[in-house]
Amino acid sequence: MNLNPFWSMSTNTVRKRSDGEEQSGEQQQPRASPARPSFGKKQLPSIPKNAVPITKPASPAAMAQLANGTHASYGPFYLEYSLLAEFTLVIKQKLPGIYVQPSYKSALMWFGVIFIRHGLYQDGVFKFTVYIPDNYPDGECPRVVFDIPVFHPLVDPVSGELDVRRAFTKWRRNHNHIWQVLMYARTVFYKINTMEPLNPEAAVLFFRYDKDVQLFKSKVVDSVKLCNSHLFDQPKMDDPYAISFSSWNPAIHDEAKERMFTHKRRPEDHQKGLQVSGLSWVKPGSTQPFSRDDNPPLS
Amino acid sequence: MMMASMVANGNRDGRQGEALVLKGVDPETCMIVFKNHWAQVVKILEKHDPLRSNTSSNMAALGVIGLSSGGPMRFGGPIPGDEASAVQNYVEHILFLLMEEDAGQAGAMGPILEFVVMENVMERLFLWSLRRQFTDDMKLEQLKMYEMIVGQARQPLLHHKPVLRPLMMLLSSCSGTAGPEVEAELVSLLNQLCCVLAKDQSVLELFFHTSEDQGAANFLIFSLLIPFIHREGLVGQQARDALLLIMSLSAENQRVAQHIAENTYFCPVLATGLSGLYSSLPTKLEVPGEEWHCLHREDWLQMPTLVQFLNSLEFCNAVIQVAHPNIRDQLVSYIYNGFLVPVLAPALHKPTLEEVMTTTAYLDLFVRSVSEPVLLQTFLSFILLHVHILDTLVHILDTLSRINTPFQLGTVSLALFQTLIGLYCEDVMLQLILRYLIPCNHMMLSQRRVVKERDFYSVSAAKILALTPSCCSPEHSPPPLRQLDSILWSKGTDNSPNTGTMETEETFLEEDGSCYSCVIGSEIYLDVNYLHYLYNARLGISSCTRACQVWSAPYDGEDPPPEEYQPSALEEAGARGRQAQTVNPKRSHPHPRPRPPCPPQTTDPAPTNQLELEWDDSYDAGPVVSLEAATAESSRPPQLPAAEPPKHIQEMRRTAIMLVKGSYIEESDFQDDVMVYDLVAKKDARDTVDRRRPSRETLPESEESEIDSEFNLEEDHFKESSLQEKDEVPLSNGLSLPLHPTNMEVNSSEVTKGSKEVKAHVADHNSNLQSPSAEVGDDLMGQYEELIRTLGSDEAGTGGSSPVKTVDKEFRNPVVTPMEEDEVDFSSFSMDTPELEKPHSSLFGTKLRSGSTRSHSVPFTGPFVSVLLSRLENMLDNSLHVNLLLTGILAQLAAYPQPLLQSFLLNTNMVFQPSVRSLYQVLASLKNQIEQQASTKKDFPKLITSAQHCLLARESSLKGQDTNSGDSRECSPLEAGRMMKSSPPPQPKTISLARTEVFATVLFTEFLKELAAIAQEHSILSHVPMEE
């Protein structure tokens, strides 16, 4: 997957609607952007609703800095970079079947989709949104809300919110990361837990699984079908980076697919075109300068 | 068909009116005309031929005789002018017909060419011109003739010996002495021939063969070009272009490569030519101003000699790029041994600061001009590893490390280091910094795992920014310059995630990015220029990360493994040996006694009284002790006698201390003082030895060196128990003696001044042999044996002076005494220099330096870092441009992705050993200094504002210049005003640049942002594997 910092310089100031690519962010190639120093137009995240003012001291450390006044000025940068770091970590994890894309408007909101590849929920494609508290990382754990409430013991049948807090009772900076939340969101569909369910009906049905296999199963299948039938709906969020699906359109997708497959070969080409190239004559395993054997003899 | 060729004619020869003459003329007619003309010519030719012979072999013989006698040849008296011009006329027509002839079928010769070959026309014509007075005009005429037919003939002519051979004779007759016009024409023709060669390599064989006919198996057109290598102007350029063509030919043709490498003086001429050109450069630059620190393009364009040097250097670069590896390696080796070591190294040790500064600036320019990695590597290994033998062993690197000199030399050196760091070269970074960080001794043991940790929440950035002085705090009172630039941060209004409507609207004002997205509705000021820093940091880190992909190791605290690269005992001993000569005088005791044996690990770090001031650490790797601390220091366990540092170092240190203490006032004070730099150096080493062992003074010098060795042995055995002690072991001077290629005595006539310098240097060197000045502490036994082996049987027998003499003799053996140029054995230049010379196996070059990482007991991050930090600590007193350089270098270092470096410079959570000074500490102490200044001066805030305006004005003027000068590399990295682009026009308020503390405060604040931005970008960039 391509690292795609969501704050990437938006050289295209016209907001593009994501046109059905699975990862709408693809269009925003970060490498293309620096060609034009457009740093002035970098997007800063706005802070959605229930946002506590950013100046609110989030931690003792921040409190200390506040006296200086710098934290107030730079706090938003810290927050943004913390979230960027989280996002890069998500990418690094290469979570199977999970794709996320931070929103265009706020770094605190990420759009995601999860593909379930086997088990009871096989073939399910569930879109969700991650809401990150704005006093991150010192607040509570991020929330995960499914666009369509999936039939699942841990998913609220009305709001679609996944019970994340049971796994992260206390959000600890440095220990807890957003990828773990995503990982958790994936796991619940493979290992089903019925303790203190948000959806008692599902829990009960599942509890009686042995006896009533068919009933639970059919509920799940219905739910999966429902979700999948809404797959091509417009995204709930009016955001250019919201994930939207469209049916296969060769005019658009063939080329994108082509690019994805040729992607692997690109590193070499890229290497060649590099302007900046480092130098090294150090033999691997040595710490002596000019220790490599292919150095020309100087005497 | 006919039409087509005529059209082609018209196009090709449009400038020649005669082209039209042939339109529509059929080949047979041409042949008839040709034969006709030739018959007329032959008539005249034979009339004046005393032998009346026209066999080609005779002709050739005559030609050779004629050439060797060199003078004009006349047979049968003078030739009447009318006959000469008649021939001239016919010949023009003949040649024209030849040129215009098309090749026959299947590449066969056309009838005219066939006739030319059969009748040996060209050779007879050449002979004819020899028979007349062979003046420059005549040569010119002949050269032009060939240039024309070679360039314009439609069929290959050079494949035919009867055409090629007279050409070769002509060429060789034109070598030697000829007027500038002939030279120009000759080079032009040679250039053309090389073009033909490059296109059609089949001619190549013929060129060799034809040469062989003349008895000399040489590659004539190549040899003829060599004298023009360093020529100025068009001739030189054409010659170099032609040579380059041959060079690229050599890459594919082993025979050419071999010939050039083995039978020509190409490489030596090229390299020694550099020396010659270098010697004509001004030894002192007229520096435009205090701010000047490196040679920009507009500077060196004003200096013709420098332009010429750079042309030749560029040519070397190009040759290395295209030539066969054999030639490449040979050239590189000659440049090292024929230019860098014998010419540049002594120039870096000239007696006056200005001269050294000038050399440093040249070196910086050279490094910036060279692009071919192999050549760059040559320069770098010279800079990083070469040990110059003056009167004492001096690492070039140490010499350059005099960046602590508070004067222009220091600034120029800083600029050089900036260039080096900007190369993204692993070897440079390893030698300057990383080697000291690899063992991880600079941090607490528990911290090793922190090295690779990523700073998720920008904690380091926050801590760095929290150092912003209150007078510059963005909240305190936003400076007028920034007010417009501030982003107002929106808290967002009543957005529910479900509706997804964000009411905050970003407005984009497109005008060249000068307006930023602003969101109205809150009171928080955001420092917009911080976005610039983030952007720059991102660019810097990603290009650096990409460049470092070719490195051999990640330097992440695990690879290379710290355990394996602990300075080993032996290495350490070596290091100590070198340090020994420079240990602070306060620590040397009149009555030395060995320290009680104890393993190094248990030695207490004893960082008592370590002052922040580290002065010229390259010499003084030990903790520097402040003057005040001296008394405390003396209570430390006594140590073996340590030699004093060279006087110029002491001198510099003294000045530095004065400077730091604020008692230093006039630069001119130092100007005199600093002469000590080298004047005293002459005696330094011996003084050192003498001080240590006064009783030896009277001994014959050479015996002394023997005794040195014995003495070392004696010392050695009581040290066996304590490796630590070895650090004071004096070196014997045996091993590196044959370091300097004596070759420069052999010198082509081209290098005159340069060679003198070199001879002087060799003399220096010899005198050095007689005073065992250098100290070496490495592997004594081995070295002693080596010494004995080197000296051979002479050692015991012939008394005192023998060892030196022997070495001397050996040393001189390969030297060829001045002789005719032709006989110079260029191969003695570099081929046979002893193995020892190899920089990467050099005793001092590697072991000593690698050893200069300290033991566990005294963590040390290397001289370069400490010098940088001590200069930074002095920021408030530094001039603006020094601070710009310093902060630029540090920012550049901070952008490197290697976790070792990153954690050391940017991780504010890291716990270092108490004796290790971190960048953060220095910044914190600067903040305190600034706050103190601000609290005592009422007008400080006003001054700050003025300084900001001033810097802004400077920035805009620099930006104006920037577009003019095409200098590729930026010299002042952190353009102060960069921060304040697109601000309202400054209201001019004058503030003197002498208020360094004010400018430093502004710069400091910006530097904090720059560092914080780098730290933040690292947290997201460095940890993602570069997939593309």
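Letters A, B, ... mirror the listed sequences (proteins, then strands); counts begin at 1.
Looking at B/Pro560, only its side chain comes within 4.5 Å of chain A, counting heavy atoms on both sides. Contact of A/Ser286 with chain B is made through the backbone alone, with heavy-atom distances under 4.5 Å. With a threshold of 4.5 angstrom between heavy atoms, B/Ala553 does not approach chain A through any atom at all. Using a 4.5 Å cut-off between heavy atoms, B/Leu380 touches chain A through backbone and side chain atoms alike.
Between A/Tyr74 and A/Phe77, the two ring planes are tilted [angle within 30° to 60°]. Using a 30° and 60° split on the angle between ring planes, B/Tyr457 and A/Tyr136 fall in the perpendicular class, above 60°.
For B/Gln1016 and A/Tyr78, the side-chain atoms include no donor-acceptor pair closer than 3.5 Å. Side-chain atoms of B/Arg454 and A/Thr88 include a donor-acceptor pair closer than 3.5 Å.
Note: B/Pro373 leads B/Cys548, B/Pro373, B/Ala1012 in heavy-atom pairs under 4.5 Å with chain A.
Contact annotation: the side chain of B/Ile1020 approaches that of B/Arg538 to within less than 4.5 Å [non-hydrogen atoms, C-beta and beyond].
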